[in-house]
Novice: 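Structure below; questions to follow.
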Amino acid sequence: MTGTPTSDAHGSDQITSDSATPVIVDWPTSGIPGGGQTASGHLLDGLNPQQRQAVEYRGKALLIVAGAGSGKTRVLTHRIAALIENREAWPSQILAITFTNKAAAEMRERVEELLGGRTEGMWISTFHSACVRILRREAENLGLSKNFTIYDSSDSRVLLKRIIKRNDADMYGFTPANAAAKISKLKNELADADSYARNANMSDPNEVAFVEIFRDYQRELLRASAFDFDDLIAQTVYLFRAFPQVAARYQKKFRHVLVDEYQDTNHAQYALIREFTRAPEADGFLPGTDEGASLTVVGDSDQSIYAFRGADIRNIVEFERDFTGATVILLEQNYRSTQNILSAANAVIANNFDRKDKKLWTDIGDGEKIIGFTGYSGHDEAQFVADEIEKLHSDGVAYGDIAVFYRTNAQTRALEEIFVRSALPYKIMGGTKFYERAEIKDAFAYLTAVMNPADELAVRRIINTPKRGIGPATVTQLASFAENAETTLRDALREASTLGFGPKVTRAISDVSAVLDEASALADQGKVSEVLTTLMQKSGLIDSLRMSRDPQDEARAENIDELVAVTKEFERNNPDGTLIDFLTEVSLVAAADDLDDASGTVSLMTLHTAKGLEYDTVFLTGVEEDLLPHRMSANEPGGPSEERRLFYVGITRARKRLFLSLAMTRAQYGETAVAMPSRYLQEIPAELIEWRQSPGSVNSRGGTQSRALNARRWGAGSAGGSGTDARALPRAEKKEWPNKVTNMVRDNGDLELVAGDRIRHSDFGEGRVQNVTGAGTKRVAHVQFDTAGAKKLLIKIAPIEKL
DNA sequence: TAAGTACTGGTTTTT
DNA sequence: CCAGTACTTA
């Protein structure tokens, strides 16, 4: 222990309170390569020479260029474990930063496994969580509330919408979405309204309007004591720069900083890393003798897919220049995929110019060929995916080892419809749907209003939810009263009786105010779930949903019950957790629950979400122009290259089997449009793909002769040959394809089916029921169709009739 | 003020 | 196709 008065004065005991960790000035962080090699011996077992080097290297800066599947997480976790095991660092001196919550959770788990616990005090988190932690801890030193709210992008847009309207800036073509994008971009560059204004052409009214919006936006955030996602990073950087003694505490604490997915860091994140690894300044009491922390970054510029969000590929390309004396280690051996899959990936990515040539290789053999399929429509494609999954499953492949990828979330609709019909268990990953539902956001707004009364956005959201007769006019009056009295909207509610509203309105306002006060008192004693239930009951929200005659409101009430269950779960996991902790977690960890219950189900996700994951079998769907590359990025500089990397990321997720599929027509905005095969498809050597149905053999009018030939040729080789070929003829006669599943019979009610029944299905024609399994609404009919092969159908919603 | 209707326009990826 | 919006009416 340094035990100096200074560290106490600055509360550094707070930082290290989780253990008796000394803030050691002369801790041996570097220059002792191999110190205690024996101790980490088992940590080197099974590593190849490059991986081993990456684990053992000790120096100020290390860049590990890790190709897809080359074991980077393994290297990173082993490196951390070795540092601890060799007593080169305490757990609390480690800061490991990942890009997603999922990656952080996985890393923690694996380090824990290697060390048998002993990760107490280690910071393994995302950029955003780490920054929130620091900002909450330091907020009060800076005159900010530590109860600040974190605005997600939709909150930002709501706020911007009001500002734009107020400023009449829509005249200049500003929308909440484009203003938010522009502001986000600037914040990622560590620019603020003033610095932007200095460089902007202020004779352009457009620019003036924007600067105005930016300023107002930031002012409103401050007034509400709120940070948006980008602020979390940028404000932490500002904090460190403005208060070197605060920065020094963290610089002394963290001796080893490790950053995953370094290619996806933006400028603000880069600056933050620089701050963390800077040598701490003398703080007036202690000399600034310490060296900066050692930095390890892992990345692969071929997997940079977040440039659209400000990720700066130069951060990784210029790493050696930025950090003098840096060492670079290259990991090229792939332990994940078959050679066929890697060859396809290598061939595709080779088309990106200005990249360092890098070739993934494996010694596990060629494996199966990539399978290609072209459907008539998105539904046809989805049916293919479902059929193949069923086939694999009956061959013993677990659903949990299968994933389906797509470029845009809109593509899930067709997949979902077919999967539900086919009774395939699936889970959509990363779709933060639950937390985006209106009723859930309402519930959060109540909690937020309790935690941070200054948050006007939250108060506005709940003030008339449920409807209590407080209309926009009343809200505007309240807000302008607050503005004039230089107080908050929340406080204005308390003054309602003095503001001359009608008795009914006044009463309604005071009631809301009282409910918030009551909950606030409760919040001081902990128990998030009690705060929530109180709010939901006394505000009348839950009752209004239960009483409603809108059948959907029943489900909404259930969602709120579900949220209460989430808070209880939170209390179990965090006995000391406060309301602040809960709200922080949910605003930052929208999709972390994906980890646990995804087993036993097929995983559906976007290509972006897929990064960092791997599956035995991968279906990469919608490999079409305008989708991949997406039409929005096709014309942007660097767009097609980034989309190619996205494709590359998708391909390299597959361990054993890769399916590439596309459709000739794709439904969008309710209309069907003709789709073209993606340009990237032809970058894959033809001999690597076995086409079940190639793009050339299908045209948009339906089946063709060549298609039939083709289908027979490939169909003979594939197991069963059930679906695809046989459907060619009946389908070709149809004028329209079944791309509007929603319009069909959705509810067969209690249609009774037993083995032996004949049925007719709108797509598959006639067939005989073999078997019925499941119960209630989940009854599934196993049907042998005359022409379309065997299918599983969810009886309740399948478009079928009994004959 | 609230509820209901007609209409628009927008649609990439995410912490 | 959908959500969100503007406009009507009670």
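Being a predicted model, the structure only gives us computed values, none of them experimental.
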Novice: Quick one: ring-ring contact (aromatic ring centres under 6.0 Å, His included) partners of A:Phe481, sequence neighbours excluded?
Specialist: none

Novice: Scan nucleotides 3-5 of chain B against the protein and return all N/O pairs shorter than 3.5 Å with their distances rounded to 0.1 Å.
Specialist:
residue, atom, partner, partner atom, Å
B:dG4, OP1, A:Arg549, NH2, 3.3

Novice: With heavy-atom distances below 4.5 Å as the criterion, would you say the side chains of A:Phe444 and A:Leu563 are in contact?
Specialist: yes

Novice: Looking at residues at least two apart in the chain, or sitting in another chain, which of them share a side chain to side chain donor-acceptor pair (under 3.5 Å) with A:Tyr270?
Specialist: A:Arg274, A:Asp322

Novice: Check whether the side chain of A:His128 and the base of B:dT15 form a donor-acceptor pair under 3.5 Å.
Specialist: yes

Novice: At less than 4.0 Å, is any side-chain N or O atom of A:Asn464 found next to OP1 or OP2 of B:dA2? Yes or no.
Specialist: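 For B:dA2, OP1/OP2 do have a side-chain N/O of A:Asn464 under 4.0 Å.
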
Novice: Which atoms of nucleotides 4-8 of chain C (N or O only) lie under 3.5 Å from a protein N or O atom, and what are those distances?
Specialist:
residue, atom, partner, partner atom, Å
C:dT5, OP1, A:Lys161, NZ, 2.0

Novice: Measure from the side-chain heavy atoms of A:Thr609 and tell me the nearest of B:dT14, B:dT12, B:dT13.
Specialist: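 Nearest to the side-chain atoms of A:Thr609, counting from C-beta on, is B:dT14.
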
Novice: Ignoring backbone atoms, establish whether A:Asn101 has a side-chain N or O less than 4.0 Å from OP1 or OP2 of B:dT15.
Specialist: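 Answer no for this pair, as no side-chain N or O of A:Asn101 is under 4.0 Å from OP1 or OP2.
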
Novice: Side chain of A:His630 only, please: which of B:dT15, B:dT13, B:dT12 is the nearest?
Specialist: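 Selected nucleotide: B:dT12.
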
Novice: Go through residues 471-478 of chain A and report each residue with a non-hydrogen atom lying under 4.0 Å from DNA chain B, sorted by number.
Specialist: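 The answer is A:Gly471, A:Ala473, A:Thr474.
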
Novice: Using a cut-off of 4.0 Å on non-hydrogen atoms, how would the nucleic acid contact of A:Arg631 be classed: base, sugar-phosphate, or nothing?
Specialist: nothing

Novice: For A:Thr408, what residues pass the side chain to side chain donor-acceptor pair (under 3.5 Å) criterion, not counting sequence neighbours?
Specialist: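 Residues passing side chain to side chain donor-acceptor pair (under 3.5 Å) with A:Thr408: A:Gln411.
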
Novice: Is the ring pair A:Phe276/A:Phe254 parallel, tilted or perpendicular, if the boundaries are 30 and 60 degrees?
Specialist: perpendicular

Novice: Answer yes or no: does a side-chain N or O of A:Thr606 lie under 4.0 Å from OP1 or OP2 of B:dT14?
Specialist: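 For B:dT14, OP1 or OP2 has a side-chain N or O of A:Thr606 closer than 4.0 Å.
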
